Amino acid sequence: MKDAQNRLPPTLMGFYFKYGFKPFKWIFVVWLFLMFVREFGYDLLYPMATAWFVALLEAPLPEGADFLSFAMPTIWIVFAAVLAVNVLNTYQWKIFRDTIGVKIQDRLSQVLYKYIHCQSVEFFHDNMPGRIAKQTDYIVDNFNIIVFRGVRFVIFIFTLGIMSIMLFRIHQSIAIAILIGMVFSAVWSIMHTKRFDKATEKFADATSELQGKLVDSLSSYQIVKSFSGAKHEHKLIKKDRDKTVRRGIQHLFRGRVLWVPPMIITYAFLMPMVMFLCAKLYAAGEIRVSEVVFALTVYMSITDKLDAIISEIPEFASALGMARQSYSELVRPASVEDMPDAKRLSVKRGLIEINKLSFGYGKRHALNNINLSIKPGQRVGIVGASGAGKSTLVGLLMRFYDPSNGQVLVDGQDIKSITQDSLRESISFIPQDPAMFNRTLYENISYGRKRASQAQVRRAAKQAHADHFIQIMPKKYSTLVGDRGIRLSGGQRQRIAIARAFLKNAPILILDEATSALDSATETLIQRSFEKLSHGRTTIAIAHRLSTLRNMDRIIVLEKGCIIEDGTPAQLIKKGGAYAKMWKMQSGGFIKSEK
């Protein structure tokens, strides 16, 4: 899906139009029509009905008729019109709130989350999950406010034009007086809307930042508890709280400045002016009582509507500002994208070739001109001190990043020319700190193969030596593992990740410190499973503990982003170089990190 791969419209309104309006355009047309009739009817029906009734009092009665029978046709017409407007109002709300409103918000949420899941790894490094969720909520939840309020503004302007024409027909001085008040309110609002928008965007940014830090703090509660850091966390977050409160107050103040002055002008000055003009014109015999009533009723209708509109402008501008700010931050080009003509990867052998590969994080070079060829079915161990470039090399192979120079080929296919999904479907990856969903053990293991049966999942768990501890869980494979797998020990989480890889059964296997959280006895059992899992598969294993690499066909030693040694474990020990020194240094099985 191209739209999910950083092809969303560049603007918020473009996004709303494409995914909010277009899929429901005919329902939207009906809703807009009912909305127009409802708003237009309410604004014009009551002034006109009142004027018609007063005009009946002024008109001479037909010969032989009483006033009640004379007035009843008008009363019935007004009744029918008011009933129709209220019925349409009910259906207008039903269509918007109960039908398309909920569906559109669900559609927008789906598109955004698909888009976010297709973002590059770098995107998630730069944004906290809580902040991403808050920004998504701003975009989705504010759609109804922006659309509903926006449509009301447009209809009000149209209605104001019709009313002005009708007032001009009564007398131009009354129409001009009312229009002057309306123009002042509009100009004032436009002048202060930009400042209000800026205040809104700053408030939205501060709120998202605070939400992100709160989620980060809560999700890291183990560290907080272990280091008695509750007071420190409150103190650390207080700056963000104070910033959010300060910007919230500024936001509300700008809203008051936007709203209050037009209301003062409209009610305190304009109403006496209209009454004065009506009295003067009536005294001069230029207008009738029914026209005075119509003019005053129209004025009250306009001011009531204007009051509602202006009071809604802060909410509208706030919703628009927050959604627009969030959209601009959330929707940005991914650093890693599929080519337009990308094809699916076809792995028949598992040959991996790395040619003149270089990569850096900013100004820091992580890999420098790496050349490496891994034969199909070969098991290769990668060692080196922390920061040597081991995980970076794996990240480039998984195409979490694109290299600054060079290329990676799988069976002769440049991974830049194939789809990311097909590449990662061909790799079983077991990280050092495996991620867990707050779902059941079955769901976590079957993530390696979404349609796996219970028997297949259990077979994979047995191969990973996880079945025995799952069987003593309260609900066995239906047991929830908690947030990030908190109900499991480190070793148990690692074995669930290994079971997931067994189930996936991909032609390429990558192990990034996959046994680091296991005790020696369990590691021995897992090593036997790895022997079976890696058989016939191209395997790359990163490890600090060299004992886990003893059965590798080949060892690559990295230092400062360069390959300094390459050979079998026995050859490298005999050589007496860097690998031999690491082997001798290990008493507990770990390599000392570079300072």
Side-chain angles (χ1 to χ4, degrees), residues 4 106 109-110 112-119 121 124 128-130 132-133 136-137 214-225 398 400 421 424-506 509-519 521-523 525-526 528-530 532-533:
D106 179 63
S109 178
Q110 285 185 48
L112 282 174
Y113 274 102
K114 284 182 180 179
Y115 173 86
I116 291 166
H117 279 128
C118 288
Q119 268 289 6
V121 171
F124 295 96
M128 290 180 286
I132 293 173
T136 304
D137 287 344
L214 285 170
V215 172
D216 180 59
S217 178
L218 292 173
S219 62
S220 303
Y221 75 92
Q222 279 187 313
I223 301 175
V224 176
K225 289 290 185 183
M398 297 281 291
F400 292 148
D421 284 349
R424 293 162 194 159
E425 286 168 5
S426 302
I427 300 173
S428 288
F429 177 57
I430 305 176
Q432 180 177 1
D433 185 18
M436 294 284 135
F437 294 104
N438 186 15
R439 302 172 190 171
T440 65
L441 286 161
Y442 172 84
E443 289 173 300
N444 274 282
I445 296 173
S446 63
Y447 210 77
R449 191 191 302 171
K450 309 299 187 301
R451 298 180 180 178
S453 65
Q454 185 79 32
Q456 289 172 324
V457 168
R458 188 171 184 187
R459 188 182 308 117
K462 287 180 177 179
Q463 289 174 310
H465 299 277
D467 182 69
H468 67 282
F469 77 77
I470 294 175
Q471 291 300 322
I472 62 175
M473 290 284 184
K475 296 183 179 180
K476 299 182 180 179
Y477 283 86
S478 297
T479 302
L480 290 171
V481 303
D483 183 40
R484 300 185 183 185
I486 192 64
R487 294 180 181 176
L488 304 177
S489 68
Q492 288 173 335
R493 287 198 299 272
Q494 198 69 277
R495 277 177 276 178
I496 295 300
I498 294 168
R500 188 186 294 165
F502 270 109
L503 186 64
K504 188 174 183 180
N505 198 28
L509 176 64
I510 297 179
L511 312 171
D512 188 357
E513 295 288 353
T515 60
S516 61
L518 305 178
D519 56 75
T522 304
E523 183 190 2
L525 293 174
I526 294 298
R528 295 173 186 169
S529 298
F530 279 156
K532 182 179 179 181
L533 181 62

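Small disclaimer: the values here were computed from a predicted structure and weren't measured.
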Shortest non-hydrogen contact from Ala466 toward Ile496:
CB-CD1, 4.4 Å
Residue pair Ala499 / Ala461: nearest heavy atoms and the distance that separates them:
CB-CA, 3.8 Å
Search all heavy atoms of Gln456 against all heavy atoms of Arg449 and return the closest pair with its distance.
NE2-NH1, 3.3 Å
Considering residues at least two apart in sequence or located in another chain, which fulfil the salt bridge (Lys or Arg N to Asp or Glu O under 4.0 Å) criterion with Arg487?
none
Would you check, one step at a time, whether the test side chain to side chain contact (heavy atoms under 4.5 Å, CB included) holds for Arg500 with Lys504?
CA-CA 6 Å; Arg500 188 186 294 165; Lys504 188 174 183 180; 6.0 Å; no
Quick check: closest heavy atoms across Lys476 and Gln471, and the distance to 0.1 Å?
CD-OE1, 3.5 Å
Okay, side chain of Lys475, backbone of Leu480: is any donor-acceptor separation there less than 3.5 Å?
no
Rounded at 0.5 Å granularity, tell me how far CD1 in Ile116 sits from CD1 in Ile132.
6.0 Å
As an exercise, state the distance from CD1 of Ile498 to CD of Gln463, rounded to the nearest 0.5 Å.
11.5 Å
Which of these passes side-chain contact (heavy atoms from CB on, under 4.5 Å) with Leu488: Ile470, Asn444, Val481, Thr479?
Val481
Applying ring pair (Phe, Tyr, Trp, His ring centres under 6.0 Å) to Tyr447 and not counting sequence neighbours gives Phe437
Inter-residue atom distance Ser446.OG - Gln454.CD, 0.5 Å rounding
9.0 Å
Ile445 and Val457 have their tightest heavy-atom pair at CG2-CG1, 3.7 Å
Taking all non-hydrogen atoms of both residues, which atom of Ala460 and which atom of Phe502 are closest, and how far apart?
CB-CB, 4.1 Å
Measuring from atom OG of Ser478 to atom CZ of Arg439, what distance do you get when rounded to the nearest 0.5 angstrom?
15.0 Å
Please tell me whether Asp467 and Tyr477 have a donor and an acceptor in their side chains that are separated by less than 3.5 angstrom.
yes
Hey, what do you get for CZ (Arg424) to CZ (Phe400), rounding to the nearest 0.5 Å?
5.5 Å
Residue list, salt bridge (Lys or Arg N to Asp or Glu O under 4.0 Å) with Asp137, at least two apart or on another chain
none
